[in-house]
There are 2 protein chains.
Amino acid sequence: MSDLLERLRGRGWRMTSQRRVVAEVLGGEHVHLTADEVHARAARLLPEIARATVYNTLGELVALGEVAEVSTDGRAKRYDPNAHHPHQHLVCSGCGTIRDVHMTGDPLAGLPQEQRFGFTVSGAEVTYRGLCPSCARGPGPDPGPSRAAGEGPEPA
Amino acid sequence: MSDLLERLRGRGWRMTSQRRVVAEVLGGEHVHLTADEVHARAARLLPEIARATVYNTLGELVALGEVAEVSTDGRAKRYDPNAHHPHQHLVCSGCGTIRDVHMTGDPLAGLPQEQRFGFTVSGAEVTYRGLCPSCARGPGPDPGPSRAAGEGPEPA
DNA sequence: CTAACTGCAAATCATTTGCACGATG
DNA sequence: CATCGTGCAAATGATTTGCAGTTAG
């Protein structure tokens, strides 16, 4: 279940009761909880845990590459501990629920019936991630990357 | 440029100066502005326009299917008026800038060199959208779809 | 004329941050 | 025992909402 704990310990991650609890909550295979849900569940095991600690911890797990962040449009991000097995997501536009799916080939061709979990699939979306030329030049002395995008004379 | 205006008018969309301005700002082909940027630009043409009006208007355009919402992780959503031509996005993890790209076949195979715009591409992400079985049963009398997902005995 | 749209400001929501205290290695 | 993690509460940033006034059709 939680090789996650093992892996983290191996990486010299300082183990505390709250971190352990967060890692346990994220233990399963097809879990996609929001930070708030993680906090709620963690609090069932360790009542005093603070929301901020959960956010911090989740952030670290993401930075370590042990957990993946999934943004479902305007809703709160969800955290996916299944980061070690490549897979795709099927997101419900109504409630934000996520299911892991496993596609191959052209995603725009549709999702195989047995991977739909009863969902009415309306479409697929492909997003490439990377660094633009200017951000790739290293963080630099802070040119203020925050508000820069899309402004100005619009080179697009 | 703005067949968008035409289309909207045709749909019986009540035309007001602020709505016109928002539609104009979204006129181009490769524009990906945040709500705040749309407001800033709109305000250059119509100083009194309120941020809330921009949000409302953008929301309606999205509902009408004339503009697509693009969420770039934790950052503010960006709005893409190019909703009528199917395409994918290349997002900069540094500053959130978006470029439209045009892939075919298996996205996990990588993005052709000439579509990278100088970006250092680190990966692709595929997300299917749809409605889960319970949300598909219609909005209903409001069973409270907001916080429901991911809670409970975890059917996953 | 009347329903629909605006503006403004206050309200939410998700997430982050500053700082003093406590626990780990 | 020094460092790193935690809790709390307040700060932020994005987006929404309530309500009275204005306007398109």
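In what follows, chains carry the letters A, B, and so on, assigned in the order in which the sequence lines appear, proteins first and then strands, with residues in each chain numbered from 1.
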Could you tell me which non-hydrogen atom of [X] sits nearest to which non-hydrogen atom of [Y], and how far apart they are?
X       : Y      : answer
P81(B)  : V67(B) : CA-CG2, 4.1 Å
C132(B) : C92(A) : N-SG, 3.2 Å
H32(A)  : I98(A) : ND1-O, 3.4 Å

Tell me which of R14(B) and K77(B) sits closer to the 5' end of DNA chain D, going by the nucleotide each one is nearest to.
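With R14(B) and K77(B) compared, the 5'-side residue is K77(B).
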
Closest to the T57(B) side chain, choosing from dT6(D), dG25(C), dT6(C)
dT6(C)

Is there a residue in residues 45-56 of chain A whose heavy atoms reach under 4.0 Å of DNA chain D, and which residues are they?
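E48(A), I49(A), A50(A), A52(A), T53(A), in order of number.
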
Can you tell me if the side-chain N/O atoms of [X] get under 4.0 Å from OP1 or OP2 in [N]?
X      : N      : answer
T16(A) : dT6(D) : yes
Q18(A) : dG7(D) : yes
R19(A) : dT6(D) : yes

In whole angstrom, give the distance that lies between atom [atom1] of [X] and atom [atom2] of [N].
X      : N       : atom1 : atom2 : result
E60(A) : dT17(C) : CD    : P     : 13 Å
E69(B) : dA14(D) : CD    : C1'   : 12 Å
L58(B) : dT16(D) : CG    : C1'   : 13 Å
M15(A) : dT6(D)  : CE    : C1'   : 15 Å
L8(B)  : dG25(D) : CG    : P     : 12 Å
L61(A) : dG5(D)  : CG    : C1'   : 14 Å
R20(B) : dC5(C)  : CZ    : C1'   : 14 Å
H39(B) : dT16(D) : NE2   : C1'   : 15 Å

Should we count NE2 of H102(A) as having more than 12 external heavy atoms under 6.0 Å?
no

Under the salt bridge (charged side-chain N to carboxylate O under 4.0 Å, His left out) rule, what pairs show up with a residue in residues 112-130 of chain A, not counting sequence neighbours?
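Non-adjacent pairs meeting salt bridge (charged side-chain N to carboxylate O under 4.0 Å, His left out): E125(A)-R129(B), R129(A)-E125(B).
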
Linking I/L/V/M/F/W/Y whenever their side-chain heavy atoms sit closer than 4.5 Å, directly or via other members, would L5(B) and V62(B) fall into one cluster?
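Yes.
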
I would like to know whether H89(A) and D80(A) meet side chain to side chain donor-acceptor pair (under 3.5 Å); could you show each step before the answer?
CA-CA 10 Å; H89(A) 291 126; D80(A) 183 351; 2.8 Å; yes

